[in-house]
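Report on the following structure.
First the proteins, then the strands, lettered A, B, ... as listed; each starts at 1.
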Amino acid sequence: MTARPGFDPASLVSGVIVIVLGLVLLLDQADVLDVRWDYMLPLLLAAAGGILLACGLTGPRRRG
Amino acid sequence: MPDEPDIPESPDTPPSPGGGDESRPAEPQPPRPRLTRSSTDSLIGGVAGGIGRHLNVDPLAIRITFVILSFAGGLGVLAYLACLVLLPSDDPDAEPLQWGLWRTLGAGLLAVAAIAILVPDWLWGPELGILLIAGVILYVLIRVVRDDGASHISGMAARIAIGIVLLAVSVGGFVAAAAGSALGGGIAVAGLVIACGVGLVGGAFRGGARWLIGPALLLSLPLAAVAATDLDLRGTWGDRTYTPTTVQELERGYDMGAGSMRVDLRDVDLPPGSTTLPLELGAGEIQVLVPPGVCVLTDARVRMGAVDDGRDEEGGVDLDITDPRVVAPGTRTVRLDVDLGLGAVRVGDRFRDSHGPGEWHLDDAGGPSPAAACAGTP
């Protein structure tokens with residue numbers, strides 16, 4: 001897989017994951033959602049796993 | 001601590017004799033600059049400039065981080081001062097870093113202040129002696145390493161010191177995010193998480209901004225815990241004992257942020273039938289003392305903790321307990337409507353001093369259970 005110089009796919013994927021996580025937390029704090037442990041723990045594990053996977057698959061950060 | 005600044009290698013290396021560019025293998029990455037204070041990119045002491053150069057991060061982001069952390073109990077200021085004390089300058093004309101009495105004293109005071117912010121109740125307890133001994137040992141170790149003159153070891157010691165500072169900053173940020181979320185700032189913390197995500201996405205097209213993953217997780221984890229436990233610490237804190245005397249007072253209920261809530265029902269002249277007692281606590285322990293002859297039914301929502309309603313004990317996360325019993329008409333009954341974020345609920349004929357389900361059995365002997373007053377009900 002080749003990536004454009006200066007483009008870091010891991011940052012992009014991690015950013016999307018963090019945004020989704022932040023939105024869920026925001027909706028919970030705004031009382032739109034009521035996220036309990038049953039859902040929060042898998043969500044956190046999935047977020048951490050996704051970020052680790054993205055960073056691991058793309059390797060060290062590229063510089064353009 | 002190295003006395004000599006590390007000047008990054010010049011990229012203008014001479015070409016190999018007779019070799020062309022096309023046959024030369026890819027040049028290795030230049031070594032990362034040593035962690036020093038910058039003499040060229042400096043607003044105050046060159047700390048942010050030096051850290052930014054070392055991590056290859058925009059120093060502005062480092063400066064903003066210091067400013068943000070300054071609102072977390074002054075951690076940013078302390079971290080900056082610690083770096084100012086510990087990091088040497090990259091200026092070759094600057095005097096070598098000399099510890100001396102005042103710099104050593106300053107570093108010690110900064111360490112004590114950082115611990116005082118992180119664990120205020122711990123510092124002035126009997127553990128203060130342990131802290132002082134640990135400080136002396138750490139100081140002696142660093143001096144021994146420095147006197148050996150082994151630059152790589154002293155460099156490692158500096159890295160360890162910086163690591164400790166960063167760890168303290170991280171713990172402080174974690175605690176600040178958790179406290180801020182539990183005290184009503186959850187939306188703001190969630191906004192910061194989203195901002196980190198947007199920064200990551202934007203930074204992906206400019207070489208990457210993976211360093212934002214750390215702050216994002218540092219903010220997300222405590223907020224997630226607060227959200228999952230519905231922890232709301234706004235309200236009264238501390239130990240309170242309520243002794244209602246009228247049914248109206250009882251039915252208004254009690255609401256606390258954190259601490260120990262004790263409700264003594266012995267002075268209430270309960271009428272026949274059911275009386276509801278709403279109890280709400282963010283984190284801590286609720287104890288309800290019930291006089292003989294009164295039936296207690298417990299409805300409880302506990303996000304993380306345990307409930308002992310006089311009949312059974314139940315613990316775990318996301319507890320949603322509804323007492324299924326139907327009491328005979330005319331029985332004096334108190335229906336507890338408990339909303340607890342994190343902690344324990346206990347109902348009994350007296351207050352207990354043991355804390356936590358693991359110790360409840362120690363003082364359970366004697367006294368009729370309030371469940372006995374509900375006898376004869378299904």
Side-chain angles (χ1 to χ4, degrees), chain A, chain B residues 29-30 55-57 177 180-182 184-232 301-305 316-320 341-342:
Chain A
M1 184 177 72
T2 59
R4 283 184 296 158
F7 175 65
D8 183 26
S11 289
L12 181 65
V13 174
S14 302
V16 171
I17 291 173
V18 168
I19 289 174
V20 170
L21 180 62
L23 282 175
V24 170
L25 294 171
L26 182 67
L27 293 175
D28 180 277
Q29 291 299 299
D31 290 334
V32 178
L33 291 178
D34 184 16
V35 186
R36 296 191 168 202
W37 282 110
D38 294 352
Y39 296 96
M40 188 63 80
L41 280 177
L43 178 66
L44 289 175
L45 291 175
I51 291 172
L52 288 173
L53 200 61
C55 292
L57 287 177
T58 54
R61 184 169 49 185
R62 297 171 190 277
R63 308 213 170 278
Chain B
Q29 291 284 334
L55 299 176
N56 199 17
V57 170
S181 304
I187 289 180
V189 177
L192 287 175
V193 173
I194 295 173
C196 287
V198 172
L200 275 164
V201 171
F205 298 95
R206 301 180 60 189
R210 295 188 191 183
W211 64 273
L212 276 171
I213 295 174
L217 294 180
L218 199 66
L219 293 169
S220 301
L221 294 180
L223 176 57
V226 168
T229 52
D230 265 355
L231 196 57
D232 185 357
R301 290 165 301 285
V302 180
R303 285 307 181 94
M304 181 179 282
V317 297
D318 291 337
L319 298 177
D320 197 348
L342 177 67

- Between B:Leu200 and A:Leu12, does a side chain to side chain contact (heavy atoms under 4.5 Å, CB included) hold up when you go through it step by step? CA-CA 6 Å; B:Leu200 275 164; A:Leu12 181 65; over 6 Å; no
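- Among A:Ile17, A:Val16, A:Asp34, the residue making the largest number of heavy-atom pairs under 4.5 Å with chain B is A:Asp34.
- Under the rule for a side-chain contact (heavy atoms from CB on, under 4.5 Å), B:Ala195 has no partner lying at least two apart in sequence or in another chain.
- Looking at residues two or more places apart in sequence or on another chain, you find a side-chain contact (heavy atoms from CB on, under 4.5 Å) between A:Leu27 and A:Val32, A:Leu33.
- With a 4.5 angstrom heavy-atom cutoff, B:Ala188 does not touch chain A via any of its atoms.
- A:Gly22 and B:Ala190 make their closest contact through O-CB, 4.0 Å (heavy atoms, listed as atom of the first residue, atom of the second, distance).
- Top candidate by heavy-atom pairs under 4.5 Å with chain A, chosen from B:Gly191, B:Gly199, B:Ala227, is B:Ala227.
- B:Arg303 touches chain A through backbone and side chain together, each having a heavy atom under 4.5 Å away.
- Per-residue counts of heavy-atom pairs under 4.5 Å with chain A were compared for B:Ser181, B:Ser220, B:Gly203, B:Ala224; the largest is that of B:Ala224.
- Of all residues in residues 44-53 of chain A, those placing a non-hydrogen atom less than 4.5 angstrom from a non-hydrogen atom of chain B are A:Leu44, A:Ile51.
- Residue A:Leu25 forms a side chain to side chain contact (heavy atoms under 4.5 Å, CB included) with just one option from B:Val189, B:Leu223, B:Leu219, and that option is B:Leu223.
- Residue pairs that meet the side-chain hydrogen bond (donor to acceptor under 3.5 Å, both in side chains) test with at least one member in residues 22-32 of chain A, sequence neighbours left out, do not exist here.
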- Evaluate the criterion side chain to side chain contact (heavy atoms under 4.5 Å, CB included) for residue pair A:Leu23 and B:Ile194; output intermediate values, then yes/no. CA-CA 7 Å; A:Leu23 282 175; B:Ile194 295 173; 3.7 Å; yes
